[in-house]
Engineer: 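Below: one structure in structure tokens.
We name chains A, B, ... by the order of the sequence lines, and we start the count at 1 in each one.
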Amino acid sequence: MQTFTDKAVNIIKQIPPGKVMTYGQVAAAAGSPRAARQVTRILHSMSSKHNLPWHRIVNKQGEIALKDEGARTFQIEKLQEEGVELDRSNLIDLARFRFNFSD
DNA sequence: GCCATGGCTAGTA
DNA sequence: GCCATGGCTAGTA
């Protein structure tokens, strides 16, 4: 039986370039709709180890959640390279770029 | 803008 | 103890 973390990691790995998922979406897909916060922890501490596309996770509003200015800019650049568009407020249109995970 | 929620990794002993 | 959320309330206009 897979743990929540295992499932979440697998799901995150399946997000294709040019698409994004929200924290809550990943949590729900991993079987625990309220564990959005846990997803932040996974990304924070396991991204490099598991080579996760951490930049493809945004918050429910389609905003970049990172607080550090340099890291924000880095994430925005990575997304744009993949074809994700951000408006002048750096908002992502989730209707267009959300990856609808199903399995 | 506050705070309940969830599930555990990293790092020391 | 940590955390890069999310949802809901109180309080103002």
Side-chain angles (χ1 to χ4, degrees):
Chain A
M1 138 107 195
Q2 265 187 138
T3 63
F4 173 82
T5 297
D6 291 334
K7 286 192 257 181
V9 166
N10 285 332
I11 289 160
I12 293 165
K13 283 182 176 171
Q14 291 178 54
I15 308 172
K19 289 286 178 183
V20 299
M21 279 182 88
T22 67
Y23 298 88
Q25 230 191 316
V26 173
S32 205
R34 317 207 136 209
R37 194 115 199 209
Q38 180 64 8
V39 174
T40 72
R41 232 193 101 274
I42 292 168
L43 293 177
H44 186 77
S45 61
M46 302 173 66
S47 281
S48 58
K49 184 175 181 178
H50 291 268
N51 213 6
L52 301 179
W54 56 271
H55 59 284
R56 307 211 262 253
I57 313 288
V58 298
N59 75 14
K60 192 138 191 188
Q61 282 68 242
E63 300 165 327
I64 305 298
L66 285 175
K67 308 206 168 166
D68 180 77
E69 196 52 44
R72 278 177 63 78
T73 309
F74 185 49
Q75 180 171 5
I76 290 168
E77 283 172 0
K78 296 197 72 155
L79 287 171
Q80 287 175 334
E81 283 170 15
E82 298 182 349
V84 175
E85 296 170 22
L86 293 86
D87 69 14
R88 9 184 157 13
S89 317
N90 286 331
L91 214 69
I92 294 165
D93 182 1
L94 290 179
R96 292 179 59 198
F97 297 108
R98 180 201 297 274
F99 175 55
N100 290 309
F101 183 87
S102 56
D103 197 7

Engineer: Quick one: do A:R72 and A:E69 satisfy side chain to side chain contact (heavy atoms under 4.5 Å, CB included)? Show the steps, please.
Structural biologist: CA-CA 5 Å; A:R72 278 177 63 78; A:E69 196 52 44; 3.9 Å; yes

Engineer: Can you tell me how far apart CG (A:D68) and CD (A:Q75) are? Round to the nearest 0.5 Å.
Structural biologist: 11.5 Å

Engineer: Report yes if some heavy atom in the side chain of A:F99 is under 4.5 Å from a heavy atom in the side chain of A:I11; otherwise report no.
Structural biologist: no

Engineer: I need the minimum non-hydrogen distance between A:G18 and A:F97, along with the two atoms involved.
Structural biologist: O-CD2, 3.6 Å

Engineer: Report the C-alpha distance between A:L43 and A:I12 in whole Å, list the side-chain angles of each, state the deciding distance to 0.1 Å, and finish with yes or no for side chain to side chain contact (heavy atoms under 4.5 Å, CB included).
Structural biologist: CA-CA 9 Å; A:L43 293 177; A:I12 293 165; 3.9 Å; yes

Engineer: If the C1' atom of C:dG6 is compared with that of B:dT9, how far apart are they to the nearest Å?
Structural biologist: 23 Å

Engineer: Just the endpoints, please: which first and last nucleotides of DNA chain C, 5' to 3', lie under 4.0 Å from a heavy atom of chain A?
Structural biologist: C:dC2 to C:dG7

Engineer: So what does A:K7 touch, heavy atoms closer than 4.0 Å: a base, only the sugar-phosphate, or nothing?
Structural biologist: nothing

Engineer: Can you name the closest pair of heavy atoms from A:A36 and A:A27 and give their distance?
Structural biologist: N-CB, 3.5 Å

Engineer: In which ranges does DNA chain B form stems of 3 or more consecutive Watson-Crick or G-U pairs, distances under 3.5 Å?
Structural biologist: B:1-4 with C:5-8, B:6-8 with C:1-3

Engineer: Taking atom CD1 of A:I15 and atom CE of A:M21, what is their separation to the nearest 0.5 Å?
Structural biologist: 5.5 Å

Engineer: I need the A:L52 CG to A:I57 CD1 distance, nearest 0.5 Å.
Structural biologist: 8.5 Å

Engineer: When rounded to the nearest 0.5 angstrom, what is the spacing between CD1 in A:I92 and CG in A:N59?
Structural biologist: 9.0 Å

Engineer: Taking any heavy-atom pair under 4.0 Å as a contact, classify A:F4: base, sugar-phosphate, or nothing.
Structural biologist: sugar-phosphate

Engineer: Could you work out the separation of B:dT12 and C:dC3 based on their P atoms and round it to a whole Å?
Structural biologist: 16 Å

Engineer: Going from CG on A:D93 to CD on A:E85, what distance comes out if it is rounded to the nearest 0.5 angstrom?
Structural biologist: 9.0 Å

Engineer: Name every residue in residues 65-80 of chain A that has at least one heavy atom under 4.0 Å from any atom of DNA chain C, in order of residue number, or write none if there are no such residues.
Structural biologist: A:A65, A:L66

Engineer: Mapping A:A35 and A:M46 onto DNA chain B by nearest heavy atom, which one lands closer to the 5' end?
Structural biologist: A:A35

Engineer: Just verifying a value: how many Å separate A:W54 CH2 and A:T40 OG1, rounded to the nearest 0.5 Å?
Structural biologist: 14.5 Å

